[in-house]
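This chain uses plain numbering: 1 for the first residue, then up along the sequence. Ligands are counted one by one from 1 in listed order, and the atoms in each one are counted from 1 as well.
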Amino acid sequence: MLSNSLIEKDRSHYFHPMVPIRAHEQRGVTVLQSGQGIFLTDVEGNELLDAFAGLWCVNAGYGHESVVEAATEQMRRLPYATGYFHFGSEPAIELAAKLAELSPGDLDHLFFTLGGSDAVDTVIRMVRYFFNARGETSKKHFIALEKGYHGSSSNGAGLTALSVFHDKFDLPMPWQHHIASPNPYRNEATTDAEIIAQGVANLKAKVAELGAENVAAFVMELVQGSGGVIIPPVGYAKAMQDTCRELGILFIVDEVITGFGRTGPMFACEHEGLTPDFMTTAKGLTSGYAPMGAVFVSDRIYQEMADAVPADVPFGHGFTYSGHPVSAAVALAVIKLYEGGLIENSKKVGPYFEAQLKTLAEHPVVGDVRAKGLLAAIEIVTNKETKAKPAKDKNVAGRLAAAGYKNGLIFRAFADDVIGLAPPICITEAEVDLLISRLRTTLDTILDIEG
Ligand SMILES: Cc1ncc(COP(=O)(O)O)c(C=O)c1O
């Protein structure tokens, strides 16, 4: 009864992101009600293993009282304080200092946003400001990777290279460009070295085509999440960073998914010792308990921008909720959990998760299994040799999502027949076993996809 009335209200009034609008109205909403650890319970009482951590954000898992208490305490004491006009709040200041301490390289300055999309937009604005202030006013073009996702704001969605974010939205804009994704599974290059060389050559060619004096920055995810969890070879990002430095363009890393223990270390930059000029984060920053993003700005860029702002003119960028004290208090409490054992757990359970997931490679419909820490994907094919994809009318993604749910498992069923996995990083080895067993049962439901 409760569920029915919610479904009706939802159908009539709730305009959802990332669903076919009419199909959602017809299907009706699935209402989630509570969570504990890595498990969710829906309004019908079904218990589900959340192998996608909400939207790859609830890294710490559900139900942490310390986070609830930190938020409650802060809300009671001071629910809001602006960061404008020289004001600030204790948790936002402490959080900036903590993140600077944890950050790779000299990413010592923090600008707070509400999530990942406005973090990307903030970087775009800062990059423009930086080059204009330096007098390099022709540097306007941005380059990103095919299959990349950098949010769905008006500017960021054009750096994203997924067609549903472009079609009918008049994107990408003329200053937004893309080069091939370093997808090891579907690539003419067969070795890591070849894929890396290909990436460097593509970036150099694009910059040459546009003119280095016109290119501002190159942006990439360290694992391409929404594009299907595409994992570039180790060394790829470092080679791209080196190429950016050689060409005089800024190197931006988008760690909105990979940050905060998702791939093992606190930041995926640590795998290759990267020192980007800007880094965007969100999601795991608060483990999804409250909205917040953070842009990490390197000291070199910050100092030049700070000197460029006239003494009597404010830096014209900000949001009402930049550095929101409740979100900041939540982030501090969550980071305590990460440092108190969850990062160690991710580093320990990640390899076990990968090893167990690889046992699914033998399954008849599985073409590829790929993982970096607790971020993984399974790509479905109808032929392991040719890597042929199932026919669209087989509705593989829709069927997998429905079968998974029935088997007590939530994951991301990408439209192009890829299963995305990103369980909370508090997951235990026994819970990984349960996840794999439910996944295997789910895969068995699509054995008819051939032909
Ligand atoms: C790599 C990356 N960048 C940016 C975003 C946008 O973040 P948000 O949805 O918080 O705006 C996302 C969201 O999934 C993301 O995966």
Distance alone, cut at 3.5 Å: any donor-acceptor contact between the side chains of [X] and [Y]?
X    : Y    : result
D106 : Y302 : no
N187 : N183 : no
S287 : Y338 : yes
E69  : T72  : no

Can you pull every nitrogen or oxygen pair between ligand 1 and the protein closer than 3.5 angstrom?
| residue | atom | partner | partner atom | Å |
| --- | --- | --- | --- | --- |
| ligand 1 | 3 (N) | D254 | OD1 | 3.2 |
| ligand 1 | 3 (N) | D254 | OD2 | 2.7 |
| ligand 1 | 7 (O) | G116 | N | 3.4 |
| ligand 1 | 7 (O) | S117 | N | 3.4 |
| ligand 1 | 10 (O) | G116 | N | 2.8 |
| ligand 1 | 11 (O) | G116 | N | 3.4 |
| ligand 1 | 11 (O) | S117 | N | 2.7 |
| ligand 1 | 11 (O) | S117 | OG | 2.6 |
| ligand 1 | 14 (O) | K283 | NZ | 3.0 |

Report all side-chain donor-acceptor pairs from residues 199-206 shorter than 3.5 Å, counting only partners two or more places apart or in another chain.
| residue | atom | partner | partner atom | Å |
| --- | --- | --- | --- | --- |
| N202 | ND2 | Q198 | O | 3.3 |
| K204 | NZ | E246 | OE2 | 3.2 |
| K206 | NZ | E209 | OE1 | 3.4 |

For a ring-ring contact (aromatic ring centres under 6.0 Å, His included) with Y149, tell me which candidate from F165, F414, W56 qualifies. F165
